[in-house]
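First up is the structure itself, then whatever we jot down about it.
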Protein chains: 2
Amino acid sequence: MAKKGQYTYEYQHPAVTADCVVFGYDGKELKVLLIKRGAEKEASTTAYVGEWALPGGFLDVEKDKTIAHTAARELKEETGLKLSVKDFKEVGTFSDIKRDPRERVITIAHYALVKLSEVQADTDADKADWFSWGDIPHLAFDHDKILRVAFSRLKQDIHFEPVGFDLLPEMFTLPQLQNLYESILEVKFDRRNFANKMKHFKILSEVEDGTPRKGTRTPLKYRFDKDNYDRLKRNGFQLEF
Amino acid sequence: MAKKGQYTYEYQHPAVTADCVVFGYDGKELKVLLIKRGAEKEASTTAYVGEWALPGGFLDVEKDKTIAHTAARELKEETGLKLSVKDFKEVGTFSDIKRDPRERVITIAHYALVKLSEVQADTDADKADWFSWGDIPHLAFDHDKILRVAFSRLKQDIHFEPVGFDLLPEMFTLPQLQNLYESILEVKFDRRNFANKMKHFKILSEVEDGTPRKGTRTPLKYRFDKDNYDRLKRNGFQLEF
DNA sequence: AGAAAAATGCGTAAATATTACACAAATTTA
DNA sequence: TAAATTTGTGTAATATTTACGCATTTTTCT
């Protein structure tokens with residue numbers, strides 16, 4: 001344990017943290033990973049004990065190559081979820097002078113998208129939980145605000161990025177994809193126009209799963225055609241809706 | 001002057017700065033405001049002396065309400081340009097562990113748009129200068145990279161925001177507006193289609209400047225119709241190009 | 001001075017994209 | 001067992017985007 005008052009500077013320095021908004025999708029609802037604050041953390045972080053919060057923590061000045069590394073490291077430590085640094089997208093800085101009661105702390109918020117079905121098992125259930133969007137409890141610090149901003153960023157990004165790639169399992173149905181878009185964009189689409197548009201981009205391939213279609217009520221399975229998607233993206237497209 | 005080694009913390013803290021990319025437009029070219037490092041600054045900031053850099057400086061932990069306040073304060077101190085905190089848009093965080101040779105410094109980059117004709121006189125010519133885009137010298141620290149990212153952010157934002165409002169003088173011509181769009185988006189548009197699209201949005205009003213039009217080679221003057229623009233923006237539009 | 005080139009405004013036809021909408025079949029719900 | 005819901009498919013009407021011609025005046029070139 002570090003000795004108290006070990007590090008001195010000529011001018012005041014703020015503490016810097018990275019916070020993570022991790023979005024998942026279970027085929028029906030958008031979800032967010034939250035942690036319960038308090039329990040087994042060291043003394044210096046005992047603010048808002050017992051409340052729910054975004055996973056995140058302090059920049060390690062000597063070890064974290066970038067602030068995204070902080071995000072990845074802290075997410076792992078606090079929730080068990082191991083993501084690549086590249087999976088984190090920066091949302092923005094939250095720097096209000098009073099946002100942390102202990103000292104001046106500015107945080108760089110990030111978001112990440114995960115395939116819920118593949119990572120849910122990794123989530124340390126003692127400390128962390130997945131909450132449905134629209135069923136989020138009040139959060140510690142200014143994390144409510146951070147969550148709103150992160151969501152609106154996701155909402156913007158969905159126009160240009162294949163968020164489906166990251167949130168959906170390998171195989172998925174068109175209704176699932178549409179529901180995901182509707183959840184994020186908070187609108188409803190005409191089923192047929194949605195399908196036409198998606199097919200027009202040619203980034204979906206129908207999956208032959210052996211079972212001869214039993215009937216029209218059993219939706220077809222698709223997977224993303226990564227090659228076509230990448231080509232499309234390089235040429236600068238808009239996955240416009 | 002603060003005594004050396006006055007501030008102590010239990011854990012290491014990074015220094016935090018705000019950097020500013022200030023864009024202007026002179027009717028022909030996009031420009032950026034840069035400062036010459038070195039001269040009359042205190043001892044602690046004598047890295048990259050003599051090189052050009054983005055204006056910016058350290059967060060005042062006790063006084064700066066947010067990091068955007070840092071940006072506004074430092075821009076004023078270093079260039080004489082006095083902008084409102086609201087004029088700064090966050091670009092992102094640059095946190096590479098070695099980006100500053102002195103100590104760990106993470107910076108939050110911002111950009112701002114100004115009417116060059118109205119602020120050029122305020123610019124302190126001893127310390128700062130306006131550089132044409134495409135004629136930017138090598139910059140200190142990782143400021144080259146910051147500049148590129150800021151520009152690409154501006155390029156994105158122009159689809160949804162009226163950057164013309166901020167960069168152009170009160171009155172301007174359609175060719176000027178088009179040239180501005182072309183400079184930022186780095187493409188060429190068909191003159192007639194550009195005009196049609198702009199007029200279709202109904203955010204331009206033709207200015208009657210008394211002088212009966214002398215000929216088609218004298219472009220008409222317009223100003224922005226702020227009311228219509230605001231209404232359009234509230235309803236969620238895309239100033240699509 | 002005169003000729004050539006470039007810039008401006010205006011408008012329209014063709015191509016492309018978006019929107020609205022109906023039906024048949026199978027599954028789920030009541 | 002009937003009713004309601006869900007899925008797939010396709011087309012006509014509407015709106016948007018793109019490509020382009022012409023008359024005129026200023027600027028540039030010789």
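In this text the structure is predicted, and so the values were computed from the model without any measurement. Here is how names work: the chains are called A, B, and so on, in the same order as the sequence lines, proteins then strands, and each is numbered from 1.
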ask   = Charged N to carboxylate O below 4.0 Å: is that the case for B:Glu51 and B:Arg37?
value = no
inquiry  = One thing to verify: whether A:Lys226 and A:Asp230 come together as a salt bridge, which I'm taking to mean a side-chain N less than 4.0 angstrom from a carboxylate O.
reply    = yes
request  = Round to the nearest Å and state the distance from B:Met198 atom CE to C:dC10 atom C1'.
outcome  = 18 Å
query = For the atom pair NZ (B:Lys199) and CG (B:Leu174), what is the distance rounded to the nearest 0.5 Å?
reply = 6.0 Å
Within 45° cone of A:Phe131 ring axis and under 6.0 Å: A:Lys31 NZ or CZ = no
ask   = Rounding to a whole Å, what distance do you find between A:Leu177:CG and D:dG8:C1'?
value = 16 Å
ask   = Hey, are A:Glu206 and A:Arg223 close enough for a salt bridge, meaning a charged N less than 4.0 Å from a carboxylate O?
value = no
ask   = Between C:dG9 atom P and B:Leu204 atom CG, what is the distance in whole Å?
value = 12 Å
query = Are any side-chain N or O atoms of A:Arg153 and backbone N or O atoms of A:Val91, one a donor and one an acceptor, separated by less than 3.5 Å?
reply = yes
Distance in angstrom units between B:Lys221 NZ and C:dT8 C1', rounded = 14 Å
Identify the pairs formed between an N or O of the protein and an N or O of nucleotides 9-11 of chain D at a distance under 3.5 Å, and give each distance.
from	atom 1	to	atom 2	distance (Å)
D:dT9	OP2	A:Lys199	NZ	2.8

message = With a 4.0 Å cut-off on N to O distance, would you call B:Lys28 and B:Asp26 a salt bridge?
response = no
inquiry  = Between the base of D:dT25 and the side chain of B:Arg217, is one N or O donor paired with an acceptor at under 3.5 angstrom?
reply    = no
key: Nearest-angstrom distance from the residue atom CZ of A:Phe189 to C1' of D:dG8   = 19 Å
ask   = At how many degrees, to 10°, do the end axes of the helix from C:dA1-D:dT30 to C:dA30-D:dT1 meet when each uses five pairs?
value = 30°
task = Compare side-chain N and O positions of A:Lys197 against OP1 and OP2 of C:dA17 and report whether any pair is under 4.0 Å apart.
result = no
inquiry  = How many whole angstroms separate atom CD of B:Gln176 from atom C1' of C:dT8?
reply    = 14 Å
ask   = Regarding B:Asp19 and B:Thr107, is there a side-chain donor-to-acceptor distance under 3.5 Å anywhere?
value = yes
request  = Could you walk me through whether A:Trp130 and A:Thr123 pass the side chain to side chain donor-acceptor pair (under 3.5 Å) test, one step at a time?
outcome  = CA-CA 9 Å; A:Trp130 289 95; A:Thr123 317; 3.1 Å; yes
ask   = Rounded to whole angstroms, how far apart are NE2 on A:His200 and P on C:dT19?
value = 14 Å
